[in-house]
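Everything below concerns the one structure shown next.
Side-chain atoms are counted along with the backbone in the values below, which use heavy atoms only and exclude waters and symmetry mates.
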Amino acid sequence: MKTNFNRMTEDRKQELDRMVADFSEAGCLFVEDLFLEFLIDADDGIDRSNDKLVATFDDECGHELVFILSQEEVHYVINAITEKLDNMTDDSIPPFGEDEPEEGTISLSPVDTEEEFDMLLAHVLGDDGGGADD
């Protein structure tokens, strides 16, 4: 049975937080995917940690993420990555309450009559009003 005597200091937590903050979204997704099995095994009581090994990852922007393969550091890093990914917003979605739709998006309004629906459908399909004969 392994005993983990590694207790992270506040300085180490801050260093890990900085690395995760700088690491790209794609890099974070990659690391999270790689260590998902590690976390599942840990939850099932299987300890794959090794305090003498270090994992080093580089993202496409040249940022580095380095952490010890101890239970404590892996859990800390993966929790930080998950939180970062959960808090990221999609730039293509306008913030709530913004009146102007972004270029390239379609904004649909509710319709009350069949005539309004036909006009909306013609607009969405790009029909110039000529339409098909009934």
Between F38 and S49, is a side-chain contact (heavy atoms from CB on, under 4.5 Å) present by the stated rule, with each step listed? CA-CA 8 Å; F38 182 97; S49 65; 4.0 Å; yes
So, for V74 and L69, which heavy atoms are closest and what is the spacing to 0.1 Å? CG2-CA, 3.9 Å
Is the backbone of F23 close enough, under 3.5 Å, to the side chain of K84 for a donor and an acceptor to pair up by distance? yes
How many angstroms lie between atom CD1 of I78 and atom CG of D33, to the nearest 0.5 angstrom? 9.5 Å
Shortest non-hydrogen separation from V66 to M19 and the atoms involved: O-CE, 3.2 Å
Value for NZ (K13) from CG (D17), rounded to nearest 0.5 Å, stands at 9.0 Å
Would you please say whether a donor-acceptor pair under 3.5 Å links the side chains of E64 and T56? no
Closest non-hydrogen atoms of C28 and V20, given as atom of the first, atom of the second and distance, are SG-O, 4.2 Å
Hey, is R12 close enough to E73 for a salt bridge, meaning N to O under 4.0 Å? yes
Any side-chain heavy atom of H63 sitting closer than 4.5 Å to one from D58? no
Taking the hydrophobic residues Ile, Leu, Val, Met, Phe, Trp and Tyr, and joining any pair whose side-chain heavy atoms are under 4.5 Å apart, which ones share a cluster with L36? I40
What residues form a side chain to side chain donor-acceptor pair (under 3.5 Å) with E60, not counting sequence neighbours? S24
Where G27 and D59 come nearest, the two heavy atoms and their spacing: CA-CB, 4.4 Å
Atom OH of residue position Y76 - does it have more than 12 heavy atoms of other residues, nucleotides or ligands inside 6.0 Å? yes
Report the C-alpha distance between I68 and L53 in whole Å, list the side-chain angles of each, state the deciding distance to 0.1 Å, and finish with yes or no for side-chain contact (heavy atoms from CB on, under 4.5 Å). CA-CA 6 Å; I68 299 170; L53 294 177; over 6 Å; no
Can you tell me how far CD of E15 sits from CE of M8, rounded to the nearest 0.5 angstrom? 10.5 Å
Does the side chain of I46 reach to within under 4.5 Å of the side chain of R48, using non-hydrogen atoms? yes
Could you check, using the six-membered ring where one of them is a Trp, whether F35 and F67 have ring centers closer than 6.0 angstrom? yes
Please check if the side chain of N50 supplies one atom and the backbone of K52 the other of a donor-acceptor pair under 3.5 Å. yes
To the closest 0.5 Å, what do you measure between CG (D86) and CG (N79)? 10.5 Å
Quick one: are L29 and L85 in side-chain contact, heavy atoms under 4.5 Å? yes
